[in-house]
Amino acid sequence: MTTIERPRPRTRVLGLALAASVLGLGSCGDDLVVPTEPETQRACARAISRGYWEDGGQHNLGLRRHVCLCMTEEEYLSQSRLEELHQALLDDCLSEASSFGMDWSECQADYESEVWISGVEKGSRVTWPTPDHVVVTPPGMHLDCP
């Protein structure tokens, strides 16, 4: 008597193969490469400026605020996002001046002189802050880096 073997259903074989690969069975472990994002930290600077009212009153701006962007260490060291941070500093300075109802401020002049981001060398006033500083970017929002 001749025995005829029935073929296995294809879906069952594929399902077992998929389950084995998910569990890591029958795999070298390097079949699936999950790319990881570079770790970022808060690179921050302060937009310290002055604002004025028409009655002669004036007020210091930015003394208790930091403007930050999440950057990788490479971005921080290469200063590739320095202009983006610089623009955020101007936006925050103008926002704070507006919140006090000031008639004018030195924000634009300070931005143009690059005083907020330059010291001995460009970017030297950009720091990696401690968690107790107010983090603002965009203005009014907290920033937690992944």
Side-chain angles (χ1 to χ4, degrees), residues 7-146:
R8 291 187 190 179
R10 184 169 174 81
T11 55
R12 185 174 182 187
V13 173
L14 289 175
L16 289 175
L18 178 61
S21 68
V22 169
L23 295 173
L25 304 173
S27 171
C28 296
D30 59 353
D31 294 341
L32 179 62
V33 177
V34 178
T36 58
E37 294 293 322
E39 185 177 328
T40 60
Q41 294 188 35
R42 296 180 308 163
C44 303
R46 291 171 47 175
I48 298 174
S49 193
R50 292 189 73 70
Y52 305 92
W53 292 279
E54 282 188 14
D55 67 2
Q58 54 185 327
H59 181 72
N60 290 325
L61 301 170
L63 295 177
R64 297 180 187 204
R65 297 164 67 103
H66 279 77
V67 176
C68 306
L69 294 178
C70 290
M71 293 186 194
T72 64
E73 185 175 7
E74 181 181 328
E75 289 170 331
Y76 172 74
L77 295 174
S78 71
Q79 300 181 2
S80 64
R81 296 184 60 205
L82 193 58
E83 185 51 42
E84 184 181 351
L85 178 59
H86 196 208
Q87 182 62 52
L89 287 161
L90 175 60
D91 295 344
D92 185 63
C93 186
L94 294 171
S95 174
E96 186 177 18
S98 176
S99 74
F100 285 110
M102 297 183 158
D103 296 303
W104 70 91
S105 71
E106 296 175 3
C107 296
Q108 186 66 41
D110 291 339
Y111 171 80
E112 290 171 4
S113 72
E114 297 188 345
V115 68
W116 299 324
I117 58 169
S118 60
V120 175
E121 58 186 64
K122 191 167 185 164
S124 64
R125 292 189 181 187
V126 179
T127 62
W128 302 93
T130 60
D132 61 334
H133 293 299
V134 175
V135 179
V136 185
T137 188
M141 303 292 290
H142 277 291
L143 175 69
D144 293 317
C145 297

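Throughout, numbering of the chain's residues begins at 1 and tracks the sequence.
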Inset, instruction - Please report the closest heavy-atom contact between Arg46 and Gly62, naming both atoms and the distance. - result: NE-O, 3.8 Å
Legend entry - Short side-chain donor-acceptor distance under 3.5 Å, Glu83 and Gln87: no
Inset, instruction - Report the distance from atom SG of Cys107 to atom CD of Glu96, rounding to the nearest 0.5 Å. - result: 8.0 Å
Inset, instruction - Return the minimal non-hydrogen interatomic distance between Ser105 and Leu94, and the atom names on each side. - result: OG-CD2, 4.2 Å
Legend entry - Partner set under side chain to side chain donor-acceptor pair (under 3.5 Å) for Asp55, not counting sequence neighbours: none
Inset, instruction - Could you check if a side-chain atom of Leu89 sits within less than 4.5 angstrom of a side-chain atom of Tyr111, using non-hydrogen atoms only? - result: no
Legend entry - Side-chain (Trp53) to main-chain (Gly101) donor-acceptor, under 3.5 angstrom: yes
Legend entry - Those residues that, when tested against Glu74, pass side chain to side chain donor-acceptor pair (under 3.5 Å) (two or more places apart): none
Inset, instruction - Would you confirm whether Glu75, through its side chain, and Thr72, through its main-chain N or O, come within 3.5 Å as a donor-acceptor pair? - result: yes
Inset, instruction - Please name all residues satisfying salt bridge (Lys or Arg N to Asp or Glu O under 4.0 Å) with Glu106, sequence neighbours left out, ordered by chain then number. - result: none
Inset, instruction - Ignoring hydrogens and angles, tell me if any N or O in the side chain of Arg81 forms a donor-acceptor pair with the backbone of Cys70 under 3.5 Å. - result: yes
Legend entry - Non-hydrogen atoms of Ala88 and Val67 that approach each other most closely: CB-CG1, 3.7 Å
Legend entry - Side-chain donor/acceptor of Trp116 to backbone N/O of Ile48, under 3.5 Å: yes
